[in-house]
Amino acid sequence: MKPYELITILGPTASGKTSFAARLAHSLNAEIISADSRQVYRQMDIGTGKDLSDYEINGNIVPYHLIDILDAGEKYNVFAYQHDFHQAFSQICRRGRTAILCGGTGMYIEAVLKGYRLLDVPENKELRSRLENKSLQELTQILASYGALHNTTDVDTAQRAIRAIEIADYTQVKNAHKTDFEPLNSLIVGIDIPRDIRRKRISERLHSRLKEGMLDEVQQLLAQGISPDDLIYYGLEYKFVTLHAMGQLGYNDMVQQLEIAIHQFAKRQMTWFRGMERRGFRIHWLPYDMPAEQRISQVTAWYNHT
RNA sequence: GGGCAGUUACCAGAGUGGCCAAAUGGGGCUGACUGUAACUCAGCUGUCUUUCGACUUCGGUGGUUCGAAUCCAUCACUGCCCA
């Protein structure tokens, strides 16, 4: 069996994966590569639950990558992630250290582990405005007219169909090259947390983040000129708090709806991880409440024995 | 004490004699996803059954009727108004 090239730690939000990954990294003299589609943004700290203090173990900062690499409001996507991941990964390898991929964005994790072949397709505003008012049926026809589909994403909504057309169109016109990253052999560890405890933690964490100034964080982003729509697109915290800031949602409704949305998000994350297992990834689940030292020695043993 | 309104599945809430296991929304569960993924979308959600279907439900009880969530009586509870 081929030796592991890295360790992946995954789990739903509020499962404690970051603090575990940091302790593990500290113990293995490893570095962490984040797999979180929202923590890439600077100034989006409380709402994305960055908890940068988690990376400090016994006074040492565990090196981490792909956090705070973009300004809020900028665009990011799987392609960029795949690229950035490999840049960080090869640096870490060059230093002779172990890389720990840790995060909750299932698609980003799968993209790098599986070696998705992607193309850097920028947003095509002209194309989008042209497709804006078309029905899903029309869009499906347009997409079909491009011939071979370049992906297998469910094209079940106009939004997804438009992006698929954008990609098909770009592929044709520019004749661009796809990324060519190899799949990676990773030990995958999942943090297993019972649903009721996960839900309880999510609720508690939401309330403490509100106390920590989550509303101010959003206010500040708005004050800097970031458009409400962009913030709303970021989802969850940024969506509901922005709606509240814009006067479209009362405080209590915001808290209530946001809490529900985060629970639903955590469920979707689990659906993705189970899907990965169905697609052939072996995930080693460890209980969320197993003592850290025990988890570290277990993971270390798995990692070394491949 | 008197008057009126109400009591429907986890919640909200339609339904006012047969087409009702009961609209719709929310929640919950399961799932899809190689492209903005903290997105977006789909299915299920009384019980048993893979399906067909069978069975038990619409506050309790007792009636009317071929047939009742729907009509009548009565009891209980809730809300509002008058005392």
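What you see is a predicted model, and the numbers here were worked out from it, not measured in a lab. Just so we're on the same page: letters track the sequence lines, and every chain starts at 1.
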Pick the [atom1] atom in [N] and in [M], then give their distance to the nearest Å.
N	M	atom1	value
B:rA42	B:rG60	C1'	42 Å
B:rC80	B:rG13	P	15 Å
B:rG15	B:rG59	P	15 Å
B:rU74	B:rU24	P	37 Å
B:rC66	B:rU16	P	22 Å
B:rA69	B:rU7	C1'	12 Å
B:rG28	B:rG79	P	29 Å
B:rA21	B:rU70	C1'	15 Å

Does [N] pair with anything, Watson-Crick or G-U wobble, both distances under 3.5 Å, and if so, with which nucleotide?
N	result
B:rA69	none
B:rC80	B:rG3
B:rU34	none

Within the structure, does a side-chain N or O atom of [X] lie under 4.0 Å from either OP1 or OP2 of [N]?
X	N	answer
A:R160	B:rU36	no
A:Q159	B:rC39	no
A:R128	B:rU36	no
A:R199	B:rG28	yes
A:K114	B:rU34	no
A:Y76	B:rU36	no

Counting the atoms with a prime plus P, OP1 and OP2 as sugar-phosphate, which does [X] contact under 4.0 Å by heavy atoms, base, sugar-phosphate, or nothing?
X	answer
A:E237	base
A:G106	nothing
A:T13	nothing

Whole angstrom value for the distance that separates [atom2] of [N] from [atom1] of [X]:
X	N	atom1	atom2	answer
A:L236	B:rU40	CG	C1'	13 Å
A:I162	B:rC39	CD1	P	18 Å
A:I232	B:rU36	CD1	C1'	16 Å
A:I262	B:rA37	CD1	P	18 Å
A:Y108	B:rC39	OH	C1'	10 Å
A:M107	B:rA32	CE	P	15 Å
A:L118	B:rC33	CG	P	16 Å
A:I109	B:rU34	CD1	P	14 Å

task: Go through the steps for A:L258 and A:L236 under the test side-chain contact (heavy atoms from CB on, under 4.5 Å), then give the verdict.
output: CA-CA 6 Å; A:L258 173 54; A:L236 301 184; 4.3 Å; yes

message: Please check this pair: side chain of A:D169 against backbone of A:I165, looking for a donor-acceptor N/O pair closer than 3.5 Å.
response: no

message: Strictly distance-based, threshold 3.5 Å: is any side-chain N or O of A:Y4 a donor or acceptor partner for the main-chain N or O of A:I188?
response: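 No, A:Y4 side chain to A:I188 backbone: no donor-acceptor pair under 3.5 Å.
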
Looking only at the side chain of [X] (C-beta and beyond, no hydrogens), which of the listed nucleotides [options] gets closest?
X	options	value
A:K267	B:rU30, B:rA32, B:rC39	B:rU30
A:Q264	B:rU34, B:rG27, B:rG31	B:rG27
A:V78	B:rU34, B:rG31, B:rA37	B:rA37
A:R163	B:rU36, B:rU30, B:rC33	B:rU36
A:R279	B:rU30, B:rC39, B:rC33	B:rC33

- request: Quick one: do A:V241 and A:Q219 satisfy side-chain contact (heavy atoms from CB on, under 4.5 Å)? Show the steps, please.
  value: CA-CA 9 Å; A:V241 174; A:Q219 281 297 357; over 6 Å; no

query: Could you go step by step and tell me if A:Q224 and A:Q43 meet the side-chain hydrogen bond (donor to acceptor under 3.5 Å, both in side chains) rule?
result: CA-CA 11 Å; A:Q224 283 170 30; A:Q43 297 178 81; 2.5 Å; yes

message: Judged by each residue's nearest nucleotide on RNA chain B, which is more toward the 5′ side, A:E110 or A:N77?
response: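 The 5'-side residue here is A:E110.
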
field: Comparing A:I260 and A:M270 on RNA chain B - which has the more 5′ nearest nucleotide
entry: A:I260

- request: Determine, step by step, whether A:R95 and A:E31 satisfy the salt bridge (Lys or Arg N to Asp or Glu O under 4.0 Å) criterion, reporting the C-alpha distance in whole Å, the side-chain angles of both residues, the deciding distance to 0.1 Å, and the verdict.
  value: CA-CA 10 Å; A:R95 281 178 216 124; A:E31 298 188 25; 2.7 Å; yes

task: Could you tell me whether A:R201 atom CZ has more than 12 heavy atoms of other residues or ligands within 6.0 Å of it?
output: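 Buried by this count: over 12 neighbours within 6.0 Å.
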
query: Taking only residues at least two apart or on different chains, which pairs with a member in residues 46-72 of chain A satisfy salt bridge (charged side-chain N to carboxylate O under 4.0 Å, His left out)?
result: A:R42-A:D71, A:D45-A:K50, A:K50-A:D68

Show which side-chain atoms of residues 131-140 of chain A pair as donor or acceptor with protein atoms under 3.5 Å away, not counting sequence neighbours.
{"from": "A:S135", "atom 1": "OG", "to": "A:Q137", "atom 2": "N", "distance (Å)": "3.4"}
{"from": "A:S135", "atom 1": "OG", "to": "A:E138", "atom 2": "N", "distance (Å)": "3.1"}
{"from": "A:S135", "atom 1": "OG", "to": "A:E138", "atom 2": "OE1", "distance (Å)": "3.3"}
{"from": "A:E138", "atom 1": "OE1", "to": "A:S135", "atom 2": "N", "distance (Å)": "2.8"}
{"from": "A:T140", "atom 1": "OG1", "to": "A:L136", "atom 2": "O", "distance (Å)": "2.6"}

message: Under 4.0 Å between a side-chain nitrogen and a carboxylate oxygen: does that hold for A:R279 and A:E110?
response: yes

Show the distances under 3.5 angstrom between N or O atoms of the protein and N or O atoms of nucleotides 41-43 of chain B.
{"from": "B:rC41", "atom 1": "O2'", "to": "A:D156", "atom 2": "OD2", "distance (Å)": "2.9"}

